[in-house]
Amino acid sequence: MKYQPISNFIGGKFVAPRGTKAMQVISPLDGTPLSTVPISSAAELNDAVEAAKKAFPGWSKTPIKERVQVFFRYKYLLEKHMKELSELVQEENGKTYSEAVAEIEKSIELTEFACSLPQLVTGEILEVSRGVECRTEHVPLGVVASIVPFNFPSMVPNWTIPNAIALGNCMIIKPSEKVPLSCGRLAELLKEAGLPDGVFNIVHGDVEIVEAICDHPGIEAVSFVGSTKVAKIVYQRATSKYKRCLALGGAKNHLMVLPDAIPGMTAQNVAASMSGCAGQRCMAASAMVGVGNVDHIIEKICDEARKIIPGENLGAVINKESKDRIESYITQAEKDGAKILVDGRNTVVKGKENGTYVGPTVIDFVKPEMSVASEEIFGPVISIMRTNTVDEALAIENANPYGNAASVFTQNGGMARYIIDHASAGMIGVNVGVPVPREPFSFGGWNESKFGVGDITGKSSIEFWTKLKKSTTKWNAEAGINWMS
Ligand code: NAD
């Protein structure tokens with residue numbers, strides 16, 4: 001094993017697991033065994049909740065301007081350790097080095113936002129009747145939990161860590177058992193940045209820990225990012241225990257390409273969106289709808305896809321199970337009568353034979369009823385459908401149960417606005433393949449891509465991680481008597 005067995009991080013220390021249940025962590029790049037991750041028990045979650053509860057009174061009473069100082073230092077440490085953190089992300093997730101760097105850069109941007117929270121959480125105050133003032137304050141919730149997926153080992157944890165903690169909460173994170181290493185390093189950096197012990201805790205594990213998080217009476221709020229199947233389970237279970245929950249799920253993002261789109265730019269954007277992070281992004285383009293004759297653009301998309309070389313500018317998919325699942329979708333599409341224009345099946349990277357790679361894949365003449373048209377594939381695959389009108393394209397987009405992102409490629413501003421208005425997705429791109437809103441704008445989809453109110457990042461997250469206290473005060477004995485007296 002390249003690294004020591006992984007431990008939970010509770011009360012500011014790495015704590016050896018109580019039990020012996022563990023899973024291997026394997027690098028998708030070349031099959032190297034990296035470490036083992038403990039499959040913790042509900043008792044270990046309880047230890048973390050106790051540590052977080054103990055830290056909460058001190059942390060929540062620390063003024064926010066002091067709390068964010070930790071995140072100014074954390075941001076500096078992320079920058080200082082950029083190379084090492086990027087290498088760790090690449091190793092455990094399988095993405096390319098430049099994609100891993102981009103992930104750490106995004107983690108830094110998320111932290112910058114948290115540093116600006118004192119400017120954003122000022123409450124309101126008004127004299128509502130003579131001598132009587134009403135005032136609001138954002139108050140932290142207490143102990144909160146964050147459950148994260150495998151595809152962004154640093155960025156998705158950092159969607160929640162800086163904001164939730166800077167707003168005064170104490171957190172327990174449950175990393176993906178497939179990529180547990182990066183979170184441990186983030187814990188060390190938070191401690192080095194001066195975060196008090198117990199404010200941030202890690203409990204590794206699988207279903208048992210997720211269920212225990214949903215059920216634990218000491219946890220006030222649960223944020224989840226992962227597949228729709230599990231998002232529904234978590235949302236239902238956590239809210240049935242009267243917790244606040246925001247659960248982000250999977251996606252099937254549609255790109256609508258109109259004949260007046262700039263061919264070269266469109267092709268580059270489509271190819272980059274479908275293949276970036278090996279298609280393992282909830283914002284990846286997974287379906288394209290060509291409106292009218294866009295053959296000249298599809299030809300260019302294929303040219304761009306052929307320039308994407310697995311093991312060079314295309315990373316690995318997370319494991320063999322994923323590779324098999326993605327390839328079986330492609331095979332099914334072929335059986336259903338679609339045409340495979342660029343085929344990424346059976347990809348082996350020389351010198352990395354134990355890596356799990358799928359090459360870029362372009363499938364044309366897909367019909368909306370085929371599985372590649374409607375299901376999340378989570379690989380570097382684009383399924384192209386064709387329609388005669390924009391309304392037909394929108395009908396396909398609207399019929400899909402997800403609603404994370406949708407994009408349009410056109411030079412017609414009116415048409416772009418029409419699509420912004422009629423696409424049923426939370427994040428829309430115009431001539432942008434991956435329309436991730438950058439800070440301070442918030443991130444979150446619609447429909448079955450998100451359960452719960454509000455978004456997970458940006459200003460919207462303030463409402464999720466705090467509760468509002470309203471106070472009404474009268475200090476002026478001279479003020480007249482009215483119905484508020
Ligand atoms: P996943 O749902 O399999 O796992 C997510 C987390 O849930 C992990 O920590 C895992 O340990 C836990 N988990 C898995 N099965 C569980 C179960 N049955 N009960 C309770 N907990 C369980 O997701 P993944 O494969 O790690 O990540 C990929 C998925 O995440 C894709 O669907 C992708 O679209 C989605 N995703 C969505 C967003 C978004 O913003 N909407 C962002 C990133 C990833």
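Counting starts at 1 for both ligands and their atoms, following the listed order.
At a heavy-atom cutoff of 4.0 Å, ligand 1 is contacted by the side chain of Glu376 but not by its backbone. The proximity of Thr228 to ligand 1, defined as any non-hydrogen pair under 4.0 Å, does not occur for either the backbone or the side chain. Neither the backbone nor the side chain of Lys450 has a heavy atom within less than 4.0 Å of ligand 1.
With respect to the salt-bridge test (charged N to carboxylate O, under 4.0 angstrom), the residues Glu321 and Arg325 do not qualify. Between Arg185 and Glu84 a salt bridge is recorded (basic side-chain N to carboxylate O distance below 4.0 Å).
The nearest heavy-atom contact from the protein to atom 12 (C) of ligand 1 is Val210 CG2, 4.1 Å. Scanning the protein heavy atoms around atom 27 (O) of ligand 1, the nearest turns out to be Pro149 CB, 3.3 Å. Counting only heavy atoms of the protein, atom 7 (O) of ligand 1 lies nearest to Phe224 CE1, 3.4 Å. Of the protein's heavy atoms, Phe378 CE2, 3.5 Å lies nearest to atom 28 (C) of ligand 1. For atom 40 (O) of ligand 1, the nearest protein heavy atom (residue, atom name, distance) is Phe443 CE2, 3.1 Å. Distance from atom 26 (O) of ligand 1 to its nearest protein heavy atom, with residue and atom name: Phe150 N, 3.1 Å. Summary of contacts: the protein heavy atom closest to atom 17 (C) of ligand 1 is Val207 CG2, 3.7 Å.
For the 3.5 Å distance criterion, the side chains of Glu92 and Tyr3 fail to qualify, holding no donor opposite an acceptor. Side-chain contact of Lys252 with Ser286: a donor-acceptor pair under 3.5 Å is present, judged by distance alone.
A cation-pi geometry, defined here as NZ or CZ lying under 6.0 Å from the six-membered ring centre and within 45° of its normal, does not hold between Lys450 and Tyr235.
Checking each of Leu186, Leu110, Val179 against Pro157 for a side chain to side chain contact (heavy atoms under 4.5 Å, CB included) leaves exactly one that passes, namely Leu186. Evaluated for a side chain to side chain donor-acceptor pair (under 3.5 Å) with Ser154, the options Ser107, Ser182, Ser86 yield exactly one hit, Ser107.
For Lys83, the NZ atom counts as loosely surrounded, since its 6.0 Å shell holds 12 or fewer non-hydrogen atoms of other residues, nucleotides or ligands. In Phe441, the CZ atom is not crowded: 12 or fewer heavy atoms of neighbouring residues, nucleotides or ligands sit closer than 6.0 Å. Atom CD of Glu369 sits in a crowded spot, with more than 12 heavy atoms from other residues, nucleotides or ligands closer than 6.0 Å.
Here's the thing with Gly250: none of its N/O atoms is less than 3.5 angstrom from an N/O atom of ligand 1.
Heavy-atom proximity to Trp159, at under 4.0 Å, picks out these atoms of ligand 1: 40 (O), 42 (C). For ligand 1, the atoms sitting less than 4.0 Å from at least one non-hydrogen atom of Glu177 are 10 (C), 11 (O), numbered in the order shown with element in parentheses. Of all the atoms in ligand 1, the ones that sit under 4.0 Å from a non-hydrogen atom of Lys174 are 8 (C), 9 (O), 10 (C), 11 (O). Ligand-side atoms of ligand 1 in range of Asn151: 43 (C), 44 (C), range being under 4.0 angstrom from any heavy atom.
Here atom 38 (C) of ligand 1 lies nearest to Cys282 when heavy atoms of Cys282, Cys214, Gly226 are compared. Atom 15 (N) of ligand 1 has its nearest heavy-atom neighbour, among Val230, Val225, Ile213, Ile173, in Val230. In this comparison of Val148, Thr457, Ile39, Ile318, the heavy atom closest to atom 8 (C) of ligand 1 sits on Val148. Remark: among candidates Ser176, Ala247, Ser227, Ala251, the nearest residue to atom 23 (O) of ligand 1 is Ser227, based on non-hydrogen atoms.
In plain terms, the two heavy atoms of Ser449 and Tyr402 that are nearest each other are OG-CB, 3.4 Å. The shortest non-hydrogen separation linking Asn93 to Pro153 is CB-CG, 3.9 Å.
Between Tyr402 and ligand 1 there is no heavy-atom distance shorter than 4.0 Å. At a 4.0 Å cut-off, not a single heavy atom of Phe152 sits close enough to ligand 1 to count as contact. Heavy atoms of Gly249 come nearer than 4.0 angstrom to ligand 1 in at least one pair.
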Run the side chain to side chain donor-acceptor pair (under 3.5 Å) check on Thr160 and Ser146 step by step: do they pass? CA-CA 7 Å; Thr160 59; Ser146 174; 2.9 Å; yes
